Amino acid sequence: MGLNNHTITKKLFLILAVLLLPVVVWGEDVKIDGINYSLNKGGATVIKDGSYYGDVVIPEEVIYEGTTYRVTSINQSAFSGRKLMTSISIPMTISSIGKDAFDGCTGLTAVYIENLTRWCRTTFNNYSSNPLYYAHHLYLNGEEIKELVIPNSVTSIAALAFYGCTGITSVIIPNSVTSIGIGAFESTGISSVVIPNTITTISPYVFYDCIALTSVTIPDNVTVIDQWAFFGCTSLTIVNISEGLESIGECAFAGCTNLKSIVIPNSVTSIATWAFNGCYSMTSVTIGSGVKGSADFPGW
């Protein structure tokens, strides 16, 4: 059956309406207000450009040809080699930062964020994906964080979240937190930390090279102090280990040159190689009954 004139006119109208819609090419790379983005259905990703310098402010969203895109990630190597960048402002919409995103950004002196909970959840792909690797100072809504209080809304702290932030002098972690990622506080300036009883594992490298840290109490529920957890904490003089700990990982306290004594409770059954290597000031060691024989205790 042939089409009548009304049907033909309606179809032509629909075709014309579709042709007049804005054309969006997914994955299209555009530059908006000096920042390069790759646009896609999930939002906008910050990508590499050779001209980033000074104070760079990433917005929460961008508008391109009438369409609004939420800025959700920073791509790998996006800012790599940009030595003239002095600060970076990262919105709470960013959930992941790619490998080497800030590699070589030696001019960075400050990182500005809007939401601490969101920052604790950000995925960092390696050390130089975190701008704190060079900047060392973190600002929340314009004020530098020195005494870091993790919000009660945080249940886990991402790996490398505060890596290299020497501006932080203390950390309080609430009972809402059940896990702390690898290297989360590595090479920070903390002199004290409160670890909640909700933590069961002290992750690898979590306090590695915290040279200002003077004392730490391992709470009852912690069963594992993983490898290299407190390596190089040269100011550490007091470690209180509660009954309940079961294992101490490789090089966990190695290089803690001012640690003078340690009491290992009966619950500990495993102490890995070099757990206390380089603890040259150690004068008193009490080993619980759980560790059997020298073959099971290669910690020194």
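In this chain, residues are counted from 1 in sequence order. From a predicted model like this one, the values you see are computed outputs, not experimental measurements.
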As a quick check of understanding, evaluate side-chain hydrogen bond (donor to acceptor under 3.5 Å, both in side chains) for S77 and D100, giving each step before the final call. CA-CA 5 Å; S77 302; D100 298 331; 5.0 Å; no
Tell me whether the count of non-hydrogen atoms from other residues, nucleotides or ligands lying under 6.0 Å of CD1 in I32 goes above 12. yes
Mark yes when over 12 heavy atoms from residues, nucleotides or ligands other than E60 sit less than 6.0 Å from its CD; otherwise mark no. yes
Could you tell me whether the side chain of M282 reaches within less than 4.5 Å of the side chain of F276, counting heavy atoms only? yes
From I168 CD1 over to H137 NE2, what is the distance, rounded to the nearest 0.5 angstrom? 10.5 Å
Between atom CG of N40 and atom OG of S73, what is the distance when rounded to the nearest 0.5 Å? 7.5 Å
After noting the C-alpha distance and the side-chain angles of E28 and Y37, does the key distance pass the side-chain hydrogen bond (donor to acceptor under 3.5 Å, both in side chains) rule? CA-CA 8 Å; E28 182 177 4; Y37 302 92; over 6 Å; no
Heavy-atom count around E143 CD within 6.0 Å, excluding the residue itself: above 12? no
If you measure only the distance, is there a donor-acceptor pair under 3.5 Å linking the side chains of T117 and S153? yes
dist N36:CG -> I47:CD1 (nearest 0.5 Å) comes out at 5.0 Å
Find the distance between CD1 (I211) and SG (C256) and round it off to the nearest 0.5 Å. 12.5 Å
Would you compute the distance between atom CG of L138 and atom CD1 of I145 and round it to the nearest 0.5 angstrom? 4.0 Å
NZ (K83) with more than 12 external heavy atoms under 6.0 Å: no
Given Y127, Y205, W228, the one that forms side-chain hydrogen bond (donor to acceptor under 3.5 Å, both in side chains) with E186: Y127
Separation of Y52 OH from D55 CG (nearest 0.5 Å): 15.0 Å
Tell me whether T188 contacts the main-chain N or O of G164 through its side chain, where contact means a donor paired with an acceptor under 3.5 Å. no
Let me check something: do Y134 and I94 share a hydrophobic cluster, defined by ILVMFWY side-chain heavy atoms less than 4.5 Å apart, either directly or through other members? yes
Can you tell me if CG on N141 sees more than 12 non-hydrogen neighbours from other groups inside 6.0 Å? yes
With F124, the ring pair (Phe, Tyr, Trp, His ring centres under 6.0 Å) member among W119, F102, F162: W119
Side chains of S80 and K48: do they bring a donor and an acceptor to under 3.5 Å? yes
Are Y163 and Y133 close enough that their ring centres sit under 6.0 Å apart? yes
